[in-house]
Number of protein chains: 4
Amino acid sequence: MQIEQDKLQEINHTGIEKHRRQFEHVAADINDVEAVLQKLSVFNIAIPSWALGTGGTRFGRFSGGGEPRSLEEKIEDVGVIHALNRSSNAISLHIPWDIPENAASVKELAAQHGLHFDAVNSNTFQDQKGQQHSYKFGSLHHTDKAVRQQAVQHNIEVIKYGVQLNSKALSVWLSDGSNFPGQLNFRNAFQNTLESLQEIYEALPADWKVWVEYKPYEPNFYSTTIGDWGQSYLLASKLGPKAATLVDLGHHLQGTNIEQIVSLLLMENKLAGFHFNDSKYGDDDLTVGSINPYQLFLIFNELVEGMDARGMDHATGLGWMIDASHNVKDPVEDLLQSVQAIKIAYAQALIIDKDALTAAQKNNDVVLAQEILQQAYRTDVRPLVAEAGLRNGGALNPVAAYRKLKVREHLIKERGLNTVATGL
Amino acid sequence: MQIEQDKLQEINHTGIEKHRRQFEHVAADINDVEAVLQKLSVFNIAIPSWALGTGGTRFGRFSGGGEPRSLEEKIEDVGVIHALNRSSNAISLHIPWDIPENAASVKELAAQHGLHFDAVNSNTFQDQKGQQHSYKFGSLHHTDKAVRQQAVQHNIEVIKYGVQLNSKALSVWLSDGSNFPGQLNFRNAFQNTLESLQEIYEALPADWKVWVEYKPYEPNFYSTTIGDWGQSYLLASKLGPKAATLVDLGHHLQGTNIEQIVSLLLMENKLAGFHFNDSKYGDDDLTVGSINPYQLFLIFNELVEGMDARGMDHATGLGWMIDASHNVKDPVEDLLQSVQAIKIAYAQALIIDKDALTAAQKNNDVVLAQEILQQAYRTDVRPLVAEAGLRNGGALNPVAAYRKLKVREHLIKERGLNTVATGL
Amino acid sequence: MQIEQDKLQEINHTGIEKHRRQFEHVAADINDVEAVLQKLSVFNIAIPSWALGTGGTRFGRFSGGGEPRSLEEKIEDVGVIHALNRSSNAISLHIPWDIPENAASVKELAAQHGLHFDAVNSNTFQDQKGQQHSYKFGSLHHTDKAVRQQAVQHNIEVIKYGVQLNSKALSVWLSDGSNFPGQLNFRNAFQNTLESLQEIYEALPADWKVWVEYKPYEPNFYSTTIGDWGQSYLLASKLGPKAATLVDLGHHLQGTNIEQIVSLLLMENKLAGFHFNDSKYGDDDLTVGSINPYQLFLIFNELVEGMDARGMDHATGLGWMIDASHNVKDPVEDLLQSVQAIKIAYAQALIIDKDALTAAQKNNDVVLAQEILQQAYRTDVRPLVAEAGLRNGGALNPVAAYRKLKVREHLIKERGLNTVATGL
Amino acid sequence: MQIEQDKLQEINHTGIEKHRRQFEHVAADINDVEAVLQKLSVFNIAIPSWALGTGGTRFGRFSGGGEPRSLEEKIEDVGVIHALNRSSNAISLHIPWDIPENAASVKELAAQHGLHFDAVNSNTFQDQKGQQHSYKFGSLHHTDKAVRQQAVQHNIEVIKYGVQLNSKALSVWLSDGSNFPGQLNFRNAFQNTLESLQEIYEALPADWKVWVEYKPYEPNFYSTTIGDWGQSYLLASKLGPKAATLVDLGHHLQGTNIEQIVSLLLMENKLAGFHFNDSKYGDDDLTVGSINPYQLFLIFNELVEGMDARGMDHATGLGWMIDASHNVKDPVEDLLQSVQAIKIAYAQALIIDKDALTAAQKNNDVVLAQEILQQAYRTDVRPLVAEAGLRNGGALNPVAAYRKLKVREHLIKERGLNTVATGL
């Protein structure tokens with residue numbers, strides 16, 4: 001299944017006049033709108049291979065129709081997303097759910113869709129069939145060296161797959177932790193994790209990075225061995241310059257000021273990138289921007305400000321990826337909504353009057369600082385996002401186009417109603 | 001597999017002297033210790049049929065060995081628990097995971113183990129094979145009447161199974177809710193739920209109750225249609241005297257004062273009973289008393305005080321049940337630990353000096369009120385619990401006896417290493 | 001100090017052209033924009049008398065300059081706010097901080113500013129000089145009947161002041177609760193509160209209401225006697241039709257779905273109204289819409305939908321009031337920002353395509369429901385709010401006008417730099 | 001006011017027989033009970049000077065009677081506490097609330113009560129009369145260098161007072177933060193804080209430490225500049241070996257695993273010590289062990305294990321201090337309850353069977369690990385604590401003795417009913 005350009009252009013055509021009017025209206029008040037469009041047009045967010053099927057919870061899973069049955073079909077789906085939004089030019093693989101049997105042909109297929117491969121993800125939170133040692137009590141932190149070694153070897157294998165696909169980073173999320181007081185010696189667990197990561201670090205190619213994710217709880221409910229940014233930072237510091245901290249927006253205790261963490265990690269040059277999603281409680285994995293879009297904007301405010309302060313390239317300086325679970329939505333539509341929300345937040349952050357904000361901060365003019373942020377946030381920047389997509393050949397409104405093109409109906413016809421993609 | 005009484009007595013024998021010394025020590029300071037023992041000895045907590053296998057999370061499930069493969073084997077396992085602790089004389093079935101094909105023989109088997117059947121539980125949070133309508137978007141609250149009817153009929157069927165087993169209550173937990181703002185009209189969802197429950201209520205036999213559980217989130221992460229005690233209470237009030245609110249300890253937002261809710265529901269005669277477990281974050285389903293045993297004690301303080309104020313029988317006045325998920329423990333051991341923790345909390349609540357506490361409360365003598373509670377809580381009441389169990393023919397130390405009797409090894413031999421029980 | 005109309009018009013004049021362009025742009029896409037403007041133009045949010053001075057925390061208070069030294073000066077300040085935003089035509093008094101010595105002259109002064117008096121608020125959370133009994137251990141819930149009686153009499157006195165000012169509601173917030181387990185008998189505390197409220201209820205004039213606020217914690221940190229909406233609802237139900245539940249946005253545990261509570265209270269005809277503010281942790285009393293503006297919008301979505309379903313008048317059907325603490329901002333600027341945020345959220349809720357939303361909900365089209373909500377939320381509705389204010393004689397941009405008119409400088413000149421208003 | 005030894009002994013005498021019986025009972029099952037008693041008897045927890053008066057909240061303060069009116073009277077009160085519990089041999093001063101005008105005489109007075117001076121605490125969260133620059137917008141993180149310098153100088157002055165009193169540590173808690181998004185540049189705030197702390201660090205005498213406290217929110221409700229352990233650790237690392245992180249139990253987001261943080265800070269040699277209290281919500285400053293005593297035990301488990309692993313002396317290796325607010329209790333009674341709760345938790349941690357626990361952890365025997373911890377926790381160790389106190393000349397039951405000795409009545413007679421001590 002591939003988006004037919006002429007049909008897409010036809011759909012765009014019906015809305016183009018209204019779009020022009022709206023774009024010109026918002027552009028009129030923006031200083032150097034072309035610079036903003038330029039930044040928007042090169043900004044891409046990777047799609048994880050496991051996000052293309054319907055997710056579930058421990059209480060059940062309700063599959064949708066036409067889910068991808070293979071890595072190739074997942075690449076096709078990301079191709080559809082990218083054709084519509086022109087902002088998802090990479091796919092992030094999860095091993096062993098998506099082992100590329102033939103790297104060359106997989107790369108070629110991806111290239112046909114304008115895609116490349118982002119970070120590769122290891123999995124030591126589930127047991128695979130035939131696996132010698134169980135991860136029931138953890139992996140890189142395990143008390144038994146044999147289990148740790150198995151997990152280290154798995155990560156090294158994942159790097160090898162990644163090298164074949166021209167990935168440049170290994171993303172490590174551990175579920176290692178404990179459910180009950182007394183279960184773990186925290187110090188030993190930390191030291192074991194560090195040693196395991198050091199072995200993996202040694203196996204990294206010269207131009208690779210390792211991204212160390214943190215999470216406070218779930219699937220363990222008393223402690224997680226890499227539980228917060230401080231613990232991830234401590235590990236990343238001890239590992240060396242190739243290691244940095246990955247921020248998943250849902251991996252925080254309620255009330256955490258995530259934007260402050262982002263700012264400080266950038267300051268210390270230890271921010272690897274993001275797993276984007278939204279949440280009201282814990283790791284709810286909801287559509288980005290569906291619960292608290294202002295927080296997303298505040299994070300992008302810190303990103304733009306902090307990356308500019310370091311002279312980093314916005315598009316390539318950090319890793320950008322969705323990580324959500326689409327339990328009650330069509331996964332493709334959900335991903336289109338997520339990318340749209342990210343681009344809106346990014347566009348809003350780009351049009352903040354930074355000089356005025358800096359001056360207000362220096363003067364402790366709190367009211368004015370808020371006015372400046374909200375001036376940007378309350379602006380309807382959707383025409384900017386649409387214009388950037390349009391110039392790249394994408395859809396004016398990706399979700400609407402997806403529906404008008406009846407993509408899901410086509411996928412169901414191709415793949416059947418009762419397919420189940422690998423993933424959570 | 002049944003516990004052999006002579007072997008159990010032998011194990012008890014080795015610890016009996018020490019127990020005597022400890023019991024006499026603690027008994028010396030308790031006013032009417034026999035009354036306390038009497039209450040402890042008739043206090044039972046039901047075991048849910050789904051708690052006898054190893055649980056899991058959405059990230060994976062690591063099965064143990066010797067898990068029960070049928071309802072009959074589950075009854076056997078509860079029989080083992082009850083033989084050891086003499087405090088688990090009932091089993092609570094979950095339909096459709098545990099449909100009793102032959103009620104008479106199932107009842108007979110249970111009776112052989114000294115067990116009867118507690119509340120029956122319906123399940124409309126998962127789709128079963130061959131089911132006409134999906135519960136993807138809810139059941140009793142669904143926008144489509146056909147789906148609601150299907151769910152109502154399922155509940156009525158569950159009541160029928162329960163009647164055959166001499167159960168006296170239907171326990172309803174709904175996962176109905178929404179993941180995203182806008183998904184639901186809250187009012188309609190509530191009204192649909194009410195109407196559906198009214199139909200179920202009509203189908204209740206004269207001596208039955210319906211227990212309405214609440215939960216703030218999971219598996220839906222934006223709203224739950226019966227989300228807190230107030231919403232459950234509102235439904236139970238509108239339904240009538242056979243309906244009451246079931247409290248699952250893990251179904252609260254962080255910081256909720258559960259003991260206050262318990263006190264008020266008792267005051268309004270709308271407390272149905274409990275699903276016991278413990279948690280540090282959300283519905284973690286950890287072993288009772290493993291995270292915050294003082295809170296458990298405070299809840300029992302309210303229960304004892306409130307039930308006495310209404311002249312209720314402690315053992316039978318409310319429904320008592322474990323609801324936990326044993327991801328990293330042997331389920332039987334975990335259940336033994338949970339029941340032990342409940343009995344300890346109950347014993348501590350029984351020895352509170354109520355008259356002194358009432359006086360301190362009247363005088364707003366906050367320091368003294370705390371001293372009185374902590375005097376009871378800091379007392380080592382394990383010898384009281386052990387004595388009550390012992391007099392009923394149970395083990396002095398149930399977990400230790402279970403290990404010495406090598407029960408799990410026997411179960412694995414009987415059932416195999418790779419069995420997987422139904423449940424979460 | 002009064003806003004000079006000619007100066008205000010002059011300031012408006014400089015921005016009028018840009019405003020026209022923006023208004024026409026947004027109006028073009030709105031169905032019946034005049035109906036929206038009409039609703040916006042009659043919508044007012046009351047200002048509490050205690051919000052006009054700089055607030056503080058238990059760690060300190062940093063006063064601003066020119067704070068009002070008397071009730072008369074507070075009325076003047078509200079007059080300034082109303083002159084600028086034309087949406088704050090009422091003041092809510094707090095007794096005993098603002099006892100009106102001469103009701104007639106106070107009413108006349110208010111009328112000169114176009115103001116009337118909203119709900120009156122009692123205070124039994126602090127001891128006043130010369131007070132016979134202390135509220136250290138509570139007021140309406142107190143174990144000692146004499147203390148309860150004193151608190152009841154105070155509330156009746158507050159009603160009397162309110163009658164003189166043509167107020168129509170008594171707003172009751174109790175700090176009654178406990179700091180430690182054991183301190184309170186929850187049932188007795190609830191029953192005492194109910195009896196006390198019943199006495200107050202009896203004293204209400206025929207056309208009055210009593211609004212019962214709830215709060216989970218602070219200043220008591222173990223329990224609050226009216227701790228959640230369920231407890232407030234229970235009291236309001238037992239009291240009768242004149243009693244309803246007041247929702248303060250900051251009075252919830254983290255993660256509470258406030259909009260669902262709003263919807264259900266409206267359904268039960270037990271929603272009294274709002275204390276607006278925003279928060280990241282607890283009762284932080286921050287500027288409305290400064291932390292999570294999307295949540296505010298979702299609440300207004302429920303309000304508009306629920307009030308329309310009952311045929312209620314938006315402007316007068318419920319009580320609307322700010323309740324925030326302006327620790328680091330000029331209180332007048334902060335209140336202007338808060339009212340602006342409320343009107344923006346209200347405007348966004350008014351332009352939701354309700355028919356489409358209802359249809360999407362019926363079809364469980366979760367993606368579309370989100371698109372519909374976000375279509376309204378992402379619209380820049382500030383020109384609508386500005387146009388409504390402008391037509392009423394207000395400022396295009398109230399905060400900017402306040403600064404250009406140098407109001408604070410004038411107030412400091414008049415009142416001095418070191419005044420401290422009564423309040424928290 | 002000083003405790004009369006003969007009266008105290010008389011009171012002890014009436015309970016001594018029962019105590020003997022209880023002590024012997026519990027001692028019989030403890031391996032090397034003398035070693036436990038020895039550790040308990042040298043373990044002291046410092047009393048902060050501000051904890052001797054009745055605290056308050058932003059909603060009000062209800063003073064008690066007989067509160068200390070001067071530093072000398074505060075020392076007297078700590079003397080009373082120490083005479084009763086023999087575990088509070090130090091006082092921690094807060095500058096400027098307790099400036100020692102004459103250090104020599106203050107030291108002498110303290111020595112008469114067997115007391116010395118623990119860490120000194122600076123205060124840059126309130127403005128003092130006559131202060132040149134305001135801390136309204138922070139102190140060490142302030143955008144204005146002049147304000148930072150003033151705050152640095154204040155800290156250096158506090159060190160000077162401390163030197164006179166033989167204190168060995170400066171404890172720094174900053175309220176610096178922001179209430180609104182946009183108010184602060186997080187990076188600049190962090191860097192300013194670091195530079196300010198470096199200046200203070202330079203002023204430390206050779207044998208001094210600086211303890212850097214963290215807190216997530218309050219009195220600022222959007223961000224705190226030293227908001228979590230990671231941020232404090234980052235500062236302490238950059239400062240050098242004299243700097244370490246102070247843990248206040250109430251300064252964490254809900255759900256934080258504090259014991260894990262303690263373990264890791266000990267591992268990194270960056271744990272300074274503790275401010276003990278308990279809480280259900282935020283920085284509630286409740287009596288230690290009044291809400292979740294099991295958590296306190298788990299923290300002491302990590303402390304004992306981690307200090308032993310480093311060969312640290314329990315009594316002197318870290319800083320131990322109460323930090324609570326006694327709003328509804330007699331402060332002295334509250335402090336006695338807090339110290340008692342700490343000693344109970346410490347005693348329970350001391351009797352954990354460490355070898356068995358280590359083995360269970362190695363085997364991932366989660367059930368057994370829990371049994372081992374709970375075996376210690378469920379033991380009634382009060383007789384051990386009492387015996388240690390008794391041998392040092394203290395009271396068998398400090399709170400009961402305080403009441404029998406009518407200490408508060410004496411203090412009121414001496415000092416009056418309406419005294420108000422400095423503090424929060």
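So that the names make sense, note that chain A is the first sequence line, chain B the second, and so on, each numbered from 1. As the structure is a computational prediction, the values presented were derived from the model and not from experiment.
- Of the two parts of C:Tyr294, only the side chain, counted from C-beta on, holds a non-hydrogen atom closer than 4.5 Å to a non-hydrogen atom of chain B.
- Looking at B:Thr358, there are no atoms closer than 4.5 Å to chain C (heavy atoms on both sides), in backbone or side chain.
- For B:Glu268 and C:Arg187, the salt-bridge test fails: no basic side-chain N is under 4.0 Å from an acidic carboxylate O.
- Taking chain C as the reference chain and counting heavy-atom pairs below 4.5 Å, the highest number among B:Asn301, B:Thr143, B:Leu357 is found for B:Thr143.
- For a residue to count as touching a neighbouring chain, one of its non-hydrogen atoms must lie under 4.5 Å from one of that chain's; by this rule C:Pro216 does not touch chain B.
- Among the candidates C:Phe190, C:Phe180, C:Trp229, the residue making the largest number of heavy-atom pairs closer than 4.5 Å to chain B is C:Trp229.
- Ranked by heavy-atom pairs under 4.5 Å with chain C, the first of B:Ala189, B:Gly138, B:Gly306, B:Ser223 is B:Ser223.
- The CG atom of C:Asn363 lies 10.0 Å from the CZ atom of B:Phe137; values are rounded to the nearest 0.5 Å.
- Counting heavy-atom pairs closer than 4.5 Å to chain B, the top residue among C:Leu266, C:Val366, C:Asp365 is C:Val366.
- For C:Thr224, the part lying near chain B is the backbone, with the side chain staying farther off; criterion is any non-hydrogen pair under 4.5 Å.
- Neither the backbone nor the side chain of C:Gln374 comes within contact range of chain B; no heavy atom of the residue lies under 4.5 Å from a heavy atom of that chain.
- Only the side chain of C:Leu234 comes within contact range of chain B, judged by heavy atoms closer than 4.5 Å.
- Side-chain N or O atoms of B:Gln231 include none that pairs as donor or acceptor with a backbone N or O of C:Leu264 at under 3.5 Å.
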Under the side chain to side chain contact (heavy atoms under 4.5 Å, CB included) criterion, do C:Phe186 and B:Glu259 qualify, and how do the steps go?
-> CA-CA 9 Å; C:Phe186 296 128; B:Glu259 48 271 34; 4.1 Å; yes
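- Counted by atom type alone, B:Gln260 and C:Tyr222 present zero donor-acceptor pairs between their side chains at under 3.5 Å.
- Taking 4.5 Å as the limit, every side-chain heavy atom of C:Asn364 sits out of range of all side-chain heavy atoms of B:Lys136.
- Residue contact with chain B, scored on non-hydrogen atoms closer than 4.5 Å, involves the backbone and the side chain of C:Asn185 alike.
- With a 4.5 angstrom heavy-atom cutoff, B:Asn257 touches chain C only via side-chain atoms.
- Heavy atoms of other residues, nucleotides or ligands lying less than 6.0 angstrom from CG of C:Asp313 number more than 12.
- With a 4.5 angstrom heavy-atom cutoff, B:Leu373 touches chain C only via side-chain atoms.
- Heavy atoms of B:Thr225 lying under 4.5 Å from chain C belong exclusively to its backbone.
- Nearest heavy-atom pair, B:Gly255 versus C:Leu253, reported as atom, atom and distance to 0.1 Å: C-CD1, 4.0 Å.
- With hydrogens and angles disregarded, a donor-acceptor distance shorter than 3.5 Å links the side chain of B:Gln361 to the backbone of C:Gly182.
- Only the side chain of B:Asp228 comes within less than 4.5 Å of a heavy atom in chain C; its backbone stays farther off.
- When heavy atoms are compared at a cutoff of 4.5 Å, B:Gln183 approaches chain C by way of both its backbone and its side chain.
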